[in-house]
Amino acid sequence: MTAENWSPRPDDDSSPMAVIAGASGFIGGSLLAPLQSWGYRVRTIGRASSSGSHVSWDDLEGIAAVVDGADLLINLAGRSVGCRYNDRNRQDVWDSRVTTTRTLNDAVRAASAPPRLWINSSTATIYRHAMDRPQTEDDGDLGDGFSVDVAKGWEREFFRGDLPTTRRVAMRLAIVLGDGAALNMLATAARFGAGGSQLEGRWFGHTRYRGIGPDASGPRVWHGHRLSHGKQRFSWVHIDDVVRAIGFIDAHEEMTGPINVSSPGVSDNTRLMAALRRGVRMPIGIPAPRWLLEIGMFVLRQESELVLKSRWVLPERLEQAGFEFRWTDIRAATKSLLR
């Protein structure tokens with residue numbers, strides 16, 4: 001279900017209200033019906049009233065009004081990172097996350113009845129390229145460069161200041177598998193026989209991954225990672241488990257701070273692409289060395305970081321709290337989504 005074809009049930013003023021910012025995305029659209037089934041009235045904040053949202057981002061008074069008195073605030077706003085990181089897109093990616101979160105922080109701070117719980121989207125890309133060990137909330141190493149700086153700025157704005165009556169959780173989401181850009185792009189490659197492993201290798205250096213923001217980090221010119229031979233880790237999470245994790249966090253008051261939302265069944269690139277080939281019934285999968293991958297990504301207006309960075313993330317805090325993931329096998333997950 002998406003925001004476009006969702007319609008709210010008649011309001012019951014005795015029910016608590018949930019506010020979703022960024023409900024037009026596929027994660028937000030997947031949350032609308034479950035929130036109602038959990039007993040919430042739902043209000044949405046989006047880019048413009050034409051998107052079907054109750055309040056638009058340029059209506060600061062409207063945002064303040066809808067946040068004040070809400071029981072649950074969920075912020076999923078953010079421009080898709082499925083683009084080339086030119087200067088304009090880099091700034092749009094930053095602003096769509098950091099600026100919107102700042103707007104909500106100001107609204108919560110000014111509210112006479114602030115939300116009980118604020119869940120803000122973040123990203124597991126905040127961790128470094130990891131081939132040696134998994135990254136958890138308590139012992140993970142933060143990385144550097146553009147994507148990491150966006151994540152750091154996002155969380156810094158989210159946790160800014162003291163909000164004593166509002167519990168805050170930053171969901172460090174792995175790549176979400178569902179009707180989204182990441183799975184669709186990789187599945188399309190597999191359908192056309194280009195579903196082999198993506199291999200790091202020599203290529204021209206570039207500045208698209210340089211840091212951003214007041215504390216820009218990492219080298220200005222990026223050359224690549226060490227050779228991984230298709231064994232770079234691929235952390236993922238099924239959209240169904242994302243929705244279930246949000247309900248779990250809502251119900252467990254002890255959960256606060258950064259939370260990794262990532263399946264414990266971490267794959268690697270080779271197994272991921274094999275699962276996708278199986279899912280689309282394509283027996284052939286031509287490997288893509290970096291020079292070929294970079295050409296393809298240029299044509300598709302994407303970045304190779306999606307498949308060359310080793311994301312090895314484990315959901316330590318969720319599992320310690322008793323959450324059980326339903327989807328832990330990459331083959332079963334991709335098969336269910338690619339039917």
Side-chain angles (χ1 to χ4, degrees), residues 81-85 90 93-94 97 122-156 170-177 181-183 185-186 196-213 215-237 258-273 287-294 296-297 302-316 330:
V81 294
C83 61
R84 296 292 282 182
Y85 294 164
R90 282 163 48 89
V93 168
W94 172 274
R97 287 159 174 75
S122 181
T123 174
T125 299
I126 198 169
Y127 299 109
R128 64 175 172 86
H129 175 85
M131 294 287 293
D132 55 336
R133 65 176 180 87
Q135 307 293 296
T136 68
E137 299 93 339
D138 293 328
D139 69 358
D141 301 319
L142 303 190
D144 56 34
F146 171 67
S147 296
V148 172
D149 285 348
V150 170
K152 290 177 181 176
W154 204 357
E155 291 192 6
R156 183 168 54 245
M171 293 194 302
R172 290 180 175 172
L173 290 163
I175 293 176
V176 181
L177 299 185
L183 181 64
M185 182 185 70
L186 293 172
S197 301
Q198 284 92 30
L199 308 172
E200 182 61 276
R202 291 179 178 273
W203 189 246
F204 302 103
H206 62 78
T207 62
R208 297 190 305 280
Y209 297 173
R210 69 189 186 279
I212 192 173
D215 300 310
S217 65
R220 178 171 177 78
V221 179
W222 188 82
H223 291 281
H225 306 294
R226 291 183 179 179
L227 298 183
S228 53
H229 306 290
K231 297 302 181 183
Q232 63 268 29
R233 299 303 197 274
F234 181 82
S235 287
W236 59 278
V237 62
I259 302 292
N260 291 344
V261 182
S262 178
S263 171
V266 180
S267 178
D268 62 27
N269 180 263
T270 297
R271 284 183 287 147
L272 164 70
M273 299 311 297
R290 189 177 170 204
W291 67 266
L292 181 59
L293 180 65
E294 291 288 356
M297 289 296 187
Q302 302 284 332
E303 291 289 351
S304 62
E305 180 183 55
L306 173 68
V307 291
L308 291 181
K309 179 174 180 178
S310 185
R311 297 171 172 86
W312 192 355
V313 181
L314 291 181
E316 185 175 70
I330 189 66

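Across all non-hydrogen atoms, the minimal contact from Met131 to Ser228 is CE-CB, 3.9 Å. Listed here is the closest heavy atom pair of Ser310 and Arg233: OG-N, 2.8 Å. Here the closest heavy-atom approach between residue Val93 and residue Val81 is recorded as CG1-CG1, 4.2 Å. Considering every non-hydrogen atom in both Ser235 and Ser262, the closest pair reads CB-OG, 3.5 Å. Across every non-hydrogen atom of Leu177 and Trp236, the tightest pair is CD1-CE3, 3.7 Å. The nearest pair of heavy atoms linking Thr207 to Arg90 is O-NH1, 4.5 Å.
Under the 4.5 Å side-chain criterion, counting only non-hydrogen atoms from C-beta, Ser263 is not in contact with Pro315. Residues Gln232 and Asp268 have side chains not in contact (no heavy-atom distance under 4.5 Å, counting atoms from C-beta outward). Side-chain contact between Val307 and Leu186 is present, with at least one heavy-atom pair separated by less than 4.5 Å. A 4.5 Å side-chain heavy-atom check between Val266 and Phe234 finds every atom pair outside the cut-off. At a threshold of 4.5 Å between non-hydrogen side-chain atoms, the residues Thr123 and Met171 do not count as touching.
Applying the side chain to side chain donor-acceptor pair (under 3.5 Å) test to Arg84 and every residue at least two apart in sequence or in another chain returns nothing. Qualifying side-chain contact (heavy atoms from CB on, under 4.5 Å) partners for Ser304, counting only residues two or more places apart in sequence or in other chains: Tyr209, Leu293, Glu294, Met297, Leu308. Residues forming a side chain to side chain donor-acceptor pair (under 3.5 Å) with Trp154 (at least two apart in sequence, or on another chain): Thr101. Partners of Ala130 under the side-chain contact (heavy atoms from CB on, under 4.5 Å) rule, at least two apart in sequence or in another chain, are Arg128, Asp132, Gln135, Trp312. With sequence neighbours left out, the side-chain contact (heavy atoms from CB on, under 4.5 Å) criterion links Ser147 to Tyr85, Thr125, Glu305. Listed by chain and number, the residues in a side chain to side chain donor-acceptor pair (under 3.5 Å) with Ser267 amount to none (sequence neighbours excluded). Taking the side-chain contact (heavy atoms from CB on, under 4.5 Å) definition, one finds that Ser197 meets it with Leu199, Asn269, Thr270, sequence neighbours left out. With sequence neighbours excluded, the residues that form a salt bridge (Lys or Arg N to Asp or Glu O under 4.0 Å) with Arg172 are Glu155. Under the side chain to side chain donor-acceptor pair (under 3.5 Å) criterion, Arg156 pairs with no residue, sequence neighbours left out.
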Side-chain donor/acceptor pairs under 3.5 Å, residues 215-225, sequence neighbours excluded:
| unit_1 | atom_1 | unit_2 | atom_2 | d |
| --- | --- | --- | --- | --- |
| Ser217 | OG | Gly145 | N | 3.1 |
| Ser217 | OG | Asp149 | OD1 | 2.7 |
| Ser217 | OG | Asp149 | OD2 | 3.4 |

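In terms of modelled atom types and a separation under 3.5 Å, the side chain of His129 and the main chain of Lys309 share no donor-acceptor contact. With Arg208 contributing its side chain and Phe146 its backbone, the two residues share no donor-acceptor pair below 3.5 Å. Under the 3.5 Å distance criterion, the side-chain polar atoms of Arg97 are left unmatched by any main-chain donor or acceptor of Trp94.
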ask   = Between Leu142 and Tyr127, does a side-chain contact (heavy atoms from CB on, under 4.5 Å) hold up when you go through it step by step?
value = CA-CA 4 Å; Leu142 303 190; Tyr127 299 109; 4.1 Å; yes
task = Test side-chain contact (heavy atoms from CB on, under 4.5 Å) on Asn260 and Leu173 and set out the steps.
result = CA-CA 6 Å; Asn260 291 344; Leu173 290 163; over 6 Å; no
key: Worked check of side-chain contact (heavy atoms from CB on, under 4.5 Å) between Ile212 and Val150   = CA-CA 7 Å; Ile212 192 173; Val150 170; 4.0 Å; yes
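A salt bridge is defined here as a Lys NZ or Arg NE, NH1 or NH2 lying under 4.0 Å from an Asp or Glu carboxylate O, and Arg226 with Glu200 fails to meet this definition.
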